[in-house]
Amino acid sequence: MSNQRNDSQVALVAGGAGFLGAHLCRRLLDEGQYVICLDNFLTGSRAAVEPLLANPRFELIEHDVTDPLPENLQPTRIWNLACPASPRHYQRDPIHTWRSCVLGAMHLLELAERCGARFLQASTSEVYGDPREHPQHERYHGNVNPVGLRSCYDEGKRAAETLSADYARVRGVEVKIARIFNTYGPGMASDDGRVVSTFICQALAGEPLTVYGDGGQTRSLCYVDDMIEGLSRLMESTEGFRGPVNLGNTGEFSVLEIAERVRTLASGSTEIVFQPLPPDDPTVRQPDITLAEHHLGWRPQIPFDEGLRKTFEWFAGRQQG
Ligand code: NAD
Ligand code: UDP
């Protein structure tokens, strides 16, 4: 950390080469922070942060958070984003996903304790499972299958929340827990299987849009800039405010509606095909964001149609470039 500035925060972004991580690293650099991006490139890529390497306040370390962390790290802020977020990826090696969620959180929390750093856990709306309460408030404890295909992620993230809360209570670590709802935008990997990027890439390739089940299941989709703003406000929130806090857009759409909107952007020529619904796919999902509104003064600013158009244009631009 030879270029470290004393007048700024030193942010360790675990999972910083992923979709949200790369946006976050850019934002923190813009704020003048020193940023250490730590990533094993499982779903993220060196290319995602390559442009940042020219900045003397940016450092990239290839490392898996399931292994003990490098000893020389001295962060003041720790962002734990290190975990594949797409079902396609987190189900490929479920045991490693579990280890990333739980062992990874433990290693980073230990570092936070040692350095007196703030720690933000990127949790997920998946802690609510297939919810029986709608919309989901932070008080709701969820309906999660502990032994299904999604469990490595859902239960791993729940365990990481538990660890974070216990390190706060028992060891005095200043912890913040963000329950992130589905987020989309420029920078998503085209092949990661998530609904928005998949539909857009299919439409641009002139392929049918693959709707799982009857497409009646819903998701509430947040544009990435709004999410990064929410995460940033949470990290800098009042000392002792731990959450968990829902961060997401309350606009709720069925998967079929999402497909129709992407079709419209692609001039309507693409067809829709129906494929089997994966097991345990949540039927509904919508955040109650009252807590974030009151405590962080945060609410999403980008409506779905605007965010979807920006994302579509970004993918279309990449195709041409
Ligand atoms: P992503 O898959 O694009 O990024 C995850 C990053 O973590 C990648 O760069 C990956 O290489 C890295 N990583 C994975 N396992 C690792 C390990 N063991 N050690 C080091 N690095 C590792 O996902 P994303 O959308 O950027 O999500 C970031 C975080 O936010 C994740 O923790 C995810 O669970 C959470 N989250 C995201 C969403 C969303 O919609 N994007 C929703 C809920 C929660
Ligand atoms: N989905 C779909 N077709 C796809 C990809 C996803 O119908 O090609 C559906 C998926 O079944 C789920 C929703 O879109 O109901 C959101 O899926 P995603 O993987 O983006 O996120 P998650 O299920 O983790 O919320």
Side-chain angles (χ1 to χ4, degrees), residues 1-65 67 69-70 72-86 89 100 104 107-108 111-112 115 117-122 176 178 180 183-192 194 197 222-236 247 302 307 310-311 313-315 317-321:
M1 291 197 296
S2 49
N3 295 304
Q4 182 177 329
R5 286 169 28 152
N6 293 329
D7 60 344
S8 68
Q9 301 290 355
V10 177
L12 176 67
V13 184
F19 165 50
L20 293 182
H23 280 274
L24 180 64
C25 287
R26 270 193 298 278
R27 156 88 181 231
L28 298 174
L29 286 170
D30 286 348
E31 288 175 358
Q33 301 197 26
Y34 187 98
V35 178
I36 304 163
C37 168
L38 187 140
D39 205 294
N40 67 350
F41 305 125
L42 184 69
T43 52
S45 66
R46 190 176 287 274
V49 287
E50 192 82 48
L52 307 182
L53 287 167
N55 191 320
R57 284 182 285 103
F58 184 73
E59 200 177 319
L60 179 60
I61 301 175
E62 183 169 355
H63 187 85
D64 191 311
V65 290
D67 294 326
L69 297 172
N72 58 344
L73 298 170
Q74 292 285 334
T76 58
R77 299 280 185 267
I78 300 176
W79 304 79
N80 182 17
L81 277 62
C83 179
S86 168
H89 291 306
S100 295
H107 288 148
L108 291 161
L111 178 65
C115 297
R118 281 191 175 202
F119 173 90
L120 185 143
Q121 170 63 22
K176 314 281 178 188
I180 302 173
T183 303
Y184 69 98
M188 295 185 93
S190 52
D191 62 349
D192 84 354
R194 285 185 267 189
S197 48
C222 186
Y223 189 67
V224 61
D225 292 355
D226 283 329
M227 182 55 63
I228 298 299
E229 178 65 27
L231 290 170
S232 170
R233 286 187 190 212
L234 178 58
M235 178 60 106
E236 300 309 328
L247 293 178
I302 314 279
K310 285 173 188 253
T311 311
E313 285 167 1
W314 182 81
F315 274 108
R318 281 180 88 215
Q319 209 179 40
Q320 281 158 11

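The figures here come from the full heavy-atom set of this structure, side chains too, leaving out hydrogens, waters and symmetry mates.
Remark: Leu52 CG to Glu59 CD distance equals 13.0 Å, nearest 0.5 Å. Atom-to-atom distance recorded for Trp79:CH2 and Leu24:CG is 5.0 Å, nearest 0.5 angstrom. Between Cys83 atom SG and His89 atom NE2 the span is 11.5 Å, to the nearest 0.5 Å. The CH2 atom of Trp314 lies 11.5 Å from the CD atom of Gln319; values are rounded to the nearest 0.5 Å. Interatomic distance, CD of Gln74 versus CD1 of Ile36, reported as 9.0 Å (0.5 Å rounding). Rounding to the nearest 0.5 Å gives a distance of 6.0 Å between CG of Leu111 and CG of Leu73.
You'll find the side chain of Glu229 reaches within 4.5 Å of the side chain of Arg27, heavy atoms only. Annotation: side chain of Phe58 is in contact with side chain of Val49 (closest heavy-atom distance under 4.5 Å). Side-chain contact between Leu231 and Ile180 is present, with at least one heavy-atom pair separated by less than 4.5 Å. Side-chain contact between Leu60 and Arg46 is present, with at least one heavy-atom pair separated by less than 4.5 Å. Leu234 has its side chain within reach of Leu120: a pair of non-hydrogen atoms, C-beta onward, lies under 4.5 Å apart.
Across Leu12 and Pro75, no two heavy atoms sit closer than the pair CB-CB, 3.8 Å. Pairing each heavy atom of Ala17 with each of Cys37, the nearest pair is N-SG, 3.6 Å. Closest non-hydrogen pair, Lys310 versus Pro186, comes out as O-CG, 4.4 Å. The minimum heavy-atom distance linking Ile61 with Pro70 is given by the pair CG2-CG, 4.5 Å. Across all their heavy atoms, Ala11 and Leu28 have their closest contact at CB-CD1, 3.7 Å. Closest approach of Leu247 to Met227, counting heavy atoms only: O-CE, 3.3 Å.
The side-chain contact (heavy atoms from CB on, under 4.5 Å) test with Lys176 is passed by exactly one of Arg118, Arg233, Arg77: Arg118.
A donor-acceptor pair under 3.5 Å links the side-chain atoms of Thr76 to the main chain of Val10, judged by distance alone. Ser197 contributes no side-chain N or O that, together with a main-chain N or O of Met188, makes up a donor-acceptor pair within less than 3.5 Å. A donor-acceptor distance shorter than 3.5 angstrom exists from the side chain of His107 to the backbone of Val65, with no hydrogens or angles considered. A donor-acceptor pair under 3.5 Å is formed between the side chain of Asp226 and the backbone N or O of Ile302.
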Quiz prompt | Full working for side chain to side chain contact (heavy atoms under 4.5 Å, CB included) between Arg194 and Tyr184 | solution = CA-CA 9 Å; Arg194 285 185 267 189; Tyr184 69 98; over 6 Å; no

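Taking Asp39 as the reference, nothing meets the side-chain hydrogen bond (donor to acceptor under 3.5 Å, both in side chains) condition, with sequence neighbours excluded.
Note on residues 9-26: no pairs pass salt bridge (Lys or Arg N to Asp or Glu O under 4.0 Å), not counting sequence neighbours.
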